[in-house]
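Shown next, in structure tokens, is the structure this report addresses.
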Amino acid sequence: MLDIKYIIANLDEVKKKTADRKAQFDFDLLISIDEKRKSLQAENDLLKSERNRVSKEIGAVKKAGGDISEVQAKMREAGDKIAAIDIELSSAQTEMTEMLMTLPNILNDEVPVGGDEEDNELLRTWGEPKEPSFEAKPHWDIADGLGILDFERGVKISKSRFTAYMGYGAKLERALINFMLDSHAERGYQEVLAPYLVNAEAMKGTGQLPKFEEDLFKCERDDLYLIPTAEVSVTNLYSNEILDEEALPVKHCSFSACFRREAGSHGKDVRGLIRQHQFNKVELVKVTKPEDSESELQELLESAEQILQKLKLPYRVMTLCSGDVGFSAAKTFDIEVWLPSQKVYREISSCSTFGDFQARRASIRFRRKGEKKIEFAHTINGSGLAVGRTFLAILENYQNEDGSVTVPEVLRPYMNGLEVIKI
RNA sequence: GGAGUGGUGGCCGAGCUAGGCUGAAGGCGCUCGCCUGCUAAGCGAGUAUGCGGCUUAUACCGUAUCGAGGGUUCGAAUCCCUCCCACUCCGCCA
């Protein structure tokens, strides 16, 4: 959420940045609601002030045995008026907040202006895409051959886009999770295991609600939502808190299953593990001071990249353009891993800084040592990495001509020393 | 799911069946100052947040907030209603 005061003071900039995203927003309406809200409050405060003053007097007079019936009647009228304004005021406040909750974050200046992912900019590339001497198979064929993924049975017990991992498949997935968590822990990230079901407040805090309800799985009768990413649960651990400066930066790594309805992506990536309703992910989450957020974002990006480097998987890093940056983010880097079967790079991580956007929504604040003033923190997060996509990238990049898959060296300690997955 | 207890400031904890002087006693913690050879103790002062106003470095003023929402009242932490949450016991269950 943006600060209404900031919006008013920097209206042109905010309008331009919103337009760069190709987002629609009625700023005139917002401003008029805000003005209405302020004048209502001024009027209301004045009346309440008067009421408080007179009420105290009434108490004193009554105690002294004086007559209060006349003032009482007058105050009754004042009370009615206050009640009426209260209703108007709170509806203006609600209206304003609801509007603000649908306004996307302001993009950082470095974000390239562009329409869609075609306009994303290449930041760097790591590793050489290997050219196998044979025709690279897609991961679903490899997995089928090895019996490590059971797409049919996954669908049988649930629905499409749900998959069962079998045998070494399950083990490889688990190895990846542990490997990733251990790697991040070495870099100072504290591990967190948080709830997968969260309330609407948490979803509003990180920006999934109110705008993107259709993307979420909801447990209607309990009024809880399945998290689409651990970002939601981990970031919101600090909601409505005022942190000590020394507690910053908060650095967490968190494994979770993630649940996404993938509304609007029917027919996309229907085969294989690329786009599942449920997938595993190790998420990195930071809460920082404003002045540290840029360097902490870079560090977080490197933390995500090191996983691919250790796994020796070729990748590239893209700076998302204005049209492709998500609603809550101020700037985003995507890491894309090489997939030999499709000969393309596919997203495997998304690392973003949110400025104080989420912190305002979730009310995550901090106080500098010796200062009285409270400031909003900055939040940062990124996948480190999407485990399912890492799994499939390994199958494709480490596949051998005979259908077996070599286990990346760094994973072998997590696989009881297994070097090759074969039939 | 059944029965019971309870939700007050960073924490503990008064106040809540006599509704006003209680943003809220007291204690702890913390901050600053004093004192002290050092530490401890002691002494003094301070110590919630949102919104609005005014300044804009502070300060200050108004208002709201004692789980949430609503009601009664001139006035509610205190009375009434609804909901939420936590804890204990029973049941169930990993």
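Throughout, protein chains are lettered first and strands after them, A, B, ... in sequence-line order, and every chain is numbered starting at 1.
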Would one find a side-chain N or O of A:Asn52 under 4.0 angstrom from OP1 or OP2 of B:rG75?
-> no
For B:rA18, decide between syn and anti, treating a glycosidic angle within 90° of 0 as syn.
-> syn
Could you state the CG-C1' distance from A:Asp223 to B:rA68, rounded to the nearest angstrom?
-> 14 Å
So, is A:Arg76 near the phosphate of B:rC74, with a side-chain N or O under 4.0 Å from OP1 or OP2?
-> yes
Pairing of A:Lys38 and A:Asp34 as salt bridge, 4.0 angstrom limit | yes
Return the value, rounded to whole Å, for the distance between atom NZ of A:Lys56 and atom P of B:rC21.
-> 6 Å
Just wondering, do A:Asn105 and A:Phe327 contact through their side chains at under 4.5 Å, heavy atoms?
-> no
Any side-chain heavy-atom pair of A:Tyr238 and A:His252 under 4.5 Å | yes
Restricting to nitrogen or oxygen on both sides, can you table the protein-nucleotides 48-51 of chain B pairs closer than 3.5 Å?
from: B:rU49; atom 1: OP1; to: A:Arg367; atom 2: NH1; distance (Å): 2.9
from: B:rU49; atom 1: O3'; to: A:Arg365; atom 2: NH1; distance (Å): 3.0
from: B:rG50; atom 1: OP1; to: A:Arg365; atom 2: NH1; distance (Å): 2.9
from: B:rC51; atom 1: O3'; to: A:Arg37; atom 2: NH2; distance (Å): 2.6
from: B:rC51; atom 1: O2'; to: A:Gln41; atom 2: OE1; distance (Å): 2.3
from: B:rC51; atom 1: O2'; to: A:Gln41; atom 2: NE2; distance (Å): 3.3
from: B:rC51; atom 1: O2; to: A:Gln41; atom 2: NE2; distance (Å): 2.9

Whole-Å distance separating the CZ atom of A:Arg221 from the P atom of B:rC84 | 13 Å
Partner of B:rG6 under the Watson-Crick or G-U wobble criteria, both distances under 3.5 Å, comes out as B:rC85
To the nearest 0.5 Å, what is the distance between CD (A:Glu336) and CD1 (A:Ile348)?
-> 10.5 Å
Just wondering, do A:Glu371 and A:Glu245 contact through their side chains at under 4.5 Å, heavy atoms?
-> no
Quick one: is A:Ser49 getting a side-chain N or O under 4.0 Å of the B:rU63 phosphate, OP1 or OP2?
-> yes
Would you say A:Asn236's side chain and A:Ala202's backbone share a donor-acceptor pair under 3.5 angstrom?
-> yes
